[in-house]
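The next block holds one structure in the form of C-alpha cells; read it before the comments.
The figures that follow rest on heavy atoms only: side chains count, while hydrogens, waters and symmetry mates do not. Along the sequence shown, residues carry numbers from 1.
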Amino acid sequence: MASLIEAIEIKRKMFFEFEDAPYHCLDVEVSKPTARGGQTLVRLKMRNLLTRAVFDKTFKAGDKFKEPDLVMVPATFLYSGGDEYNFMDQDSFETLTLGANILGDDRQLLVDNVMVQIQKFNGNPIGLQFPPHVELKVTYTEPGTRGDTASGGATKLATLDTRLEIRVPLFIKEGEKVKVHTETREFAGRA
C-alpha cells in the first residue's frame with residue numbers, strides 16, 4: 001500500500017497522484033485563514049505528467065494524495081529515426097523507445113550520449129528529466145559587428161545543432177559549443 005501525502009505536506013518539485021494520473025508540483029501557496037474556524041487552503045501549480053498540461057488547483061490542507069508509481073530510469077540518448085527516439089537503459093542496457101508525442105519540445109535538447117532520467121508511470125515511459133544543462137553546437141548565427149559588446153547585455157538569435165533557437169551574447173560565433181539551461185531553454189555560458 002502506497003503511503004498517502006497530505007496537501008499541506010506537498011512541496012515544490014514533489015510528485016503525487018491525483019485522479020489516477022501522476023503530477024509534478026511546480027509551485028505551492030498556502031493560505032492560512034485569519035478568522036477562527038477557517039480552513040487552511042493549499043494552492044498548487046501542477047503539471048500532469050501524461051498530458052503535460054499545467055494548471056492551478058486549490059485543495060484543503062487535509063486532502064490526501066497517493067504517491068505515484070513513478071520510477072526514474074537512468075538512460076543515454078542513442079539515436080532518432082522518424083518519430084521514435086531511442087535510449088539505452090543504463091541499468092539493464094535495453095533500448096527504450098519514446099515517441100515524439102511523449103517528448104514534445106524536449107527533443108530539441110537531445111544530443112548524442114546525453115544522460116537523462118526516463119520517467120516510468122506504472123511501468124510505461126511517460127517523459128524525460130534532463131540534467132540542468134546540455135551542451136549544444138551553434139550552427140548558425142549572425143556575426144557580431146565591431147564595437148558590439150556583451151557588457152551591454154546585447155544578444156542575437158542563434159540556431160543550434162538540434163534546430164533549437166536561443167538568444168546568445170554577441171561574442172558567440174558559429175561552431176562554438178554553448179550550455180543551454182534545460183528548464184528555461186536559455187543561454188547558460190560557453191561549453
Find out whether [X] and [Y] are in side-chain contact, i.e. whether some heavy atom of one side chain is under 4.5 Å from a heavy atom of the other.
X      : Y      : value
Gln129 : Val116 : no
Leu49  : Leu70  : yes
Phe18  : Lys57  : yes
Pro74  : Gln117 : yes
Met88  : Glu94  : no
Glu17  : Phe121 : yes

If two hydrophobic side chains count as joined below 4.5 Å and joins carry through other members, does [X] share a cluster with [Y]?
X      : Y      : answer
Ile126 : Ile118 : no
Tyr23  : Leu50  : no
Tyr79  : Leu98  : no
Met72  : Phe16  : no
Val178 : Phe171 : yes

Would Arg190 and Glu176 count as a salt bridge (Lys or Arg N to Asp or Glu O under 4.0 Å) if you check the C-alpha gap in whole Å, the side-chain angles of each, and the deciding distance to 0.1 Å?
CA-CA 8 Å; Arg190 279 183 166 145; Glu176 283 190 78; 2.8 Å; yes
Lys64 and Glu6: salt bridge (Lys or Arg N to Asp or Glu O under 4.0 Å), yes or no, with the steps?
CA-CA 4 Å; Lys64 295 185 184 326; Glu6 286 192 1; 2.9 Å; yes
One pair to check against side chain to side chain contact (heavy atoms under 4.5 Å, CB included): Gln90 and Met115. What are the steps and the verdict?
CA-CA 9 Å; Gln90 292 298 295; Met115 282 290 292; 4.0 Å; yes
[X] [atom1] to [Y] [atom2] distance, which is reported to the nearest 0.5 Å:
X      : Y      : atom1 : atom2 : result
Lys156 : Ile166 : NZ    : CD1   : 11.5 Å
Met46  : Phe15  : CE    : CZ    : 13.5 Å
Lys66  : Asp20  : NZ    : CG    : 6.0 Å
Asp27  : Arg12  : CG    : CZ    : 6.5 Å
Ile10  : Ile8   : CD1   : CD1   : 10.0 Å
Phe187 : Ile172 : CZ    : CD1   : 4.0 Å

Could you tell me whether the side chain of Thr162 and the main chain of Gln108 form a donor-acceptor pair under 3.5 Å?
yes
Could you tell me whether a side-chain N or O of Arg167 sits under 3.5 Å from a main-chain N or O of Thr155, the two making a donor and an acceptor?
yes
Mind running side chain to side chain contact (heavy atoms under 4.5 Å, CB included) on Arg185 and Asp106 for me, showing each step along the way?
CA-CA 10 Å; Arg185 309 272 202 290; Asp106 286 348; 2.9 Å; yes
Exactly one candidate in Val111, Leu110, Val134, Leu128 meets side-chain contact (heavy atoms from CB on, under 4.5 Å) with Phe77; the answer is Leu110
Is it the case that the side chains of Thr97 and Asn86 hold a donor-acceptor pair, with the cut-off being a distance below 3.5 Å and no angle test?
yes
Check whether the side chains of Glu174 and Thr139 place a donor and an acceptor atom closer than 3.5 Å, and report yes or no.
no
Provide the closest heavy-atom pair for [X] versus [Y] in the form atom of the first, atom of the second, distance.
X      : Y      : value
Ala21  : Asn48  : CB-ND2, 4.1 Å
Ala188 : His133 : CB-CD2, 3.4 Å
Ala61  : Val42  : CA-CG2, 4.1 Å
Pro68  : Pro22  : CB-CB, 4.2 Å

Check this for me, if you would: do Glu29 and Arg43 make a salt bridge, where the nitrogen-to-carboxylate-oxygen distance has to be below 4.0 angstrom?
no
Any chance the rings of Phe59 and Phe65 have centres within less than 6.0 Å?
yes
Checking Met14 against Ile5 for the side chain to side chain contact (heavy atoms under 4.5 Å, CB included) test, could you report, in this order, the C-alpha distance in whole Å, the side-chain angles of both residues, the deciding distance, and whether it holds?
CA-CA 10 Å; Met14 273 180 74; Ile5 310 166; 4.1 Å; yes
Within the supplied structure, the quantity of interest is the number of heavy atoms (other residues, nucleotides, ligands) at a distance under 6.0 Å from Asp105 CG; does it exceed 12?
no
Heavy atoms from other residues, nucleotides or ligands near CG of Asp83 exceed 12 (cutoff 6.0 Å)
no
Could you give me the CA-CA distance, side-chain angles and deciding distance for Lys13 and His24, then say whether side chain to side chain contact (heavy atoms under 4.5 Å, CB included) is met?
CA-CA 6 Å; Lys13 296 193 175 184; His24 184 213; 4.0 Å; yes
